[in-house]
Number of protein chains: 2
Amino acid sequence: MGSREPRWLSTTEQQTWRAFLRGGRQLMEALDRDLVPYGMCLSEYEIISMLSEAPDHQLRMSELATIVVQSRSRLTHTATRLERRGWVTRAPFPGDGRGVLLTLTEAGLAKVIETAPGHLASVRARLIDQLTPAQIKTLGQIMTTVSEGMEQ
Amino acid sequence: MGSREPRWLSTTEQQTWRAFLRGGRQLMEALDRDLVPYGMCLSEYEIISMLSEAPDHQLRMSELATIVVQSRSRLTHTATRLERRGWVTRAPFPGDGRGVLLTLTEAGLAKVIETAPGHLASVRARLIDQLTPAQIKTLGQIMTTVSEGMEQ
DNA sequence: GGAACATGATTGAAACGGCAACTATTCCCG
DNA sequence: CGGGAATAGTTGCCGTTTCAATCATGTTCC
């Protein structure tokens with residue numbers, strides 16, 4: 001039944017898709033590079049940054065994994081590394097013996113505070129300040145749509 | 001001189017940035033997952049796909065690395081893997097003894113042709129078909145701007 | 001209550017990617 | 001022309017990520 005010929009992308013669609021791929025890769029790479037002087041990469045910063053905003057600076061592993069879009073296994077490994085650096089600690093999750101609560105330490109919070117301005121400047125320079133307010137708003141709508149279309 | 005207080009992101013700016021991070025990660029992850037049945041990941045598909053569009057199905061390593069935004073080292077490793085699967089071959093680059101020309105094999109081309117429709121459907125379902133034509137156009141402009149701001 | 005199933009997290013091994021060192025070639029310029 | 005600098009690519013090592021298997025706890029339902 002379904003046509004065997006796929007619906008190819010129009011010129012505009014293809015340009016958009018290619019620009020998204022290339023631009024996205026370049027952006028992530030640059031943000032990672034900008035974090036090297038602080039001794040971490042973006043995915044690690046995301047973790048301690050999310051923790052710093054959470055109530056009591058703590059989140060359950062599974063919830064955190066969902067927020068930062070990482071596999072449970074990856075978060076386990078990364079959390080172990082962050083723990084070794086003294087930025088987070090593990091504790092049993094109250095009320096559910098399966099859960100683990102990840103908590104930001106004083107040193108971890110200090111690291112977030114130290115890193116945030118530089119990272120923020122990086123995001124501004126490479127993304128936000130390159131766009132008009134209208135583009136920023138549209139980009140937010142687009143990526144929210146994409147994201148929502150992906151949750152299950 | 002420069003203010004010590006950074007210019008924080010406005011609510012809209014922050015929402016956009018977070019949605020971009022999350023949505024981008026989710027999208028890339030989904031596209032990778034959709035390629036598993038074909039025995040490759042997105043970054044590998046990009047390589048053989050670009051080769052399939054190039055004159056004589058061949059490109060110089062350095063040029064290809066720039067196009068797909070991968071480090072030379074990474075491309076070397078990946079090319080070796082693709083070579084082992086019989087999808088590409090290496091040859092000296094004519095006219096420049098330092099260069100290496102990567103060529104798509106018959107089998108490699110067949111693999112691209114086999115994979116393209118499914119991958120295309122994936123990009124459509126998860127990104128393109130979720131957006132209005134106006135959004136698609138704007139997204140293209142945005143990501144082109146971001147990309148151009150990053151060259152050099 | 002307990003068997004079957006689902007969920008949360010960890011583990012170890014293998015695959016992948018980044019970095020720095022290295023080789024080979026080409027370019028630049030006196 | 002020749003020596004130093006730049007460019008292209010590879011290599012080995014090591015840190016990171018994935019994958020499948022595992023363990024522990026929770027939930028469901030007869």
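Chain letters run A, B, ... following the sequence lines, proteins first, then strands; residues in each count from 1.
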Exercise for the section: Tell me, please, which residues at least two apart from E106(B) pass side chain to side chain contact (heavy atoms under 4.5 Å, CB included). Expected result: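 With sequence neighbours excluded, E106(B) shows a side chain to side chain contact (heavy atoms under 4.5 Å, CB included) to no residue whatsoever.
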
For DNA chain D, the residues among [range] that have a non-hydrogen atom under 4.0 Å from it:
range: residues 17-38 of chain A; result: none
range: residues 39-48 of chain B; result: none
range: residues 93-104 of chain A; result: D96(A), G97(A), R98(A)

Please answer whether the main-chain N or O of [Y] pairs with a side-chain N or O of [X] as donor and acceptor at a distance below 3.5 Å.
X: Q130(B); Y: A125(B); result: yes
X: Q135(A); Y: T132(A); result: yes
X: D96(B); Y: R98(B); result: yes
X: E44(A); Y: C41(A); result: yes

Exercise for the section: With L102(B) as reference, evaluate V88(B), I48(B), L82(B) under the side-chain contact (heavy atoms from CB on, under 4.5 Å) test and give the passing residue. Expected result: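 Among V88(B), I48(B), L82(B), the one that satisfies the side-chain contact (heavy atoms from CB on, under 4.5 Å) with L102(B) is V88(B).
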
Problem - Selection residues 66-76 of chain A - residue pairs positive for side-chain hydrogen bond (donor to acceptor under 3.5 Å, both in side chains), sequence neighbours left out - result: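 Matches after skipping sequence neighbours: S43(A)-R74(A).
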
Exercise for the section: Determine which pairs satisfy side-chain hydrogen bond (donor to acceptor under 3.5 Å, both in side chains) with at least one residue from residues 136-146 of chain B, sequence neighbours left out, and list them in order. Expected result: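 Sorted pair list comes back empty.
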
Handout entry: SB check R7(A) E13(A) (cutoff 4.0 Å)
Key =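 No, no charged N to carboxylate O under 4.0 Å.
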
Handout entry: Minimal non-hydrogen separation, I136(A) against T16(B), with atom names
Key =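 Distance-wise, the nearest heavy atoms are O-OG1, 2.8 Å.
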
Handout entry: Results of salt bridge (Lys or Arg N to Asp or Glu O under 4.0 Å) for E83(B) - residues two or more places apart only
Key =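 Per chain and number, E83(B) pairs via salt bridge (Lys or Arg N to Asp or Glu O under 4.0 Å) with R90(B).
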
Practice task
Apply ring-ring contact (aromatic ring centres under 6.0 Å, His included) to H57(A) and list each qualifying residue two or more places apart in sequence or on a separate chain.
Solution key: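 Residues passing ring-ring contact (aromatic ring centres under 6.0 Å, His included) with H57(A): none at all.
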
Calculate, to the nearest 0.5 Å, the distance between atoms [atom1] and [atom2] belonging to [X] and [Y] respectively.
X: I67(B); Y: I47(B); atom1: CD1; atom2: CD1; result: 10.5 Å
X: F20(B); Y: L139(A); atom1: CZ; atom2: CG; result: 6.5 Å
X: W8(A); Y: L120(B); atom1: CH2; atom2: CG; result: 6.0 Å

Practice task
Tell me, please, the opening and closing nucleotides of DNA chain D, 5' to 3', among those with an atom under 4.0 angstrom from a non-hydrogen atom of chain A.
Solution key: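 The protein-touched segment is dT16(D) to dG26(D).
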
Exercise for the section: Under the salt bridge (Lys or Arg N to Asp or Glu O under 4.0 Å) rule, what do R18(A) and E53(B) come out as? Steps first, then yes or no, please. Expected result: CA-CA 14 Å; R18(A) 299 248 160 130; E53(B) 292 177 20; 2.8 Å; yes

Exercise for the section: Shoot me the first and last contacting nucleotide of DNA chain C against chain A, ordered 5' to 3', at under 4.0 angstrom to non-hydrogen atoms. Expected result: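 Endpoints of the contacted stretch of DNA chain C: dT7(C) to dG12(C).
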
Under 3.5 Å, side-chain donor or acceptor atoms of residues 23-30 of chain A against the rest of the protein: list the pairs with distances, not counting sequence neighbours.
from, atom 1, to, atom 2, distance (Å)
R25(A), NH1, E46(B), OE1, 3.2
R25(A), NH1, E46(B), OE2, 2.3
R25(A), NH2, E46(B), OE2, 3.3
Q26(A), OE1, S147(B), OG, 2.6
Q26(A), NE2, E151(B), OE1, 2.8
E29(A), OE2, R33(A), NH1, 3.4

Handout entry: Strand contacts (DNA chain C) in residues 63-84 of chain A, 4.0 angstrom heavy-atom criterion
Key =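 Result for residues 63-84 of chain A: R72(A), S73(A), T76(A), H77(A), sorted by number.
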
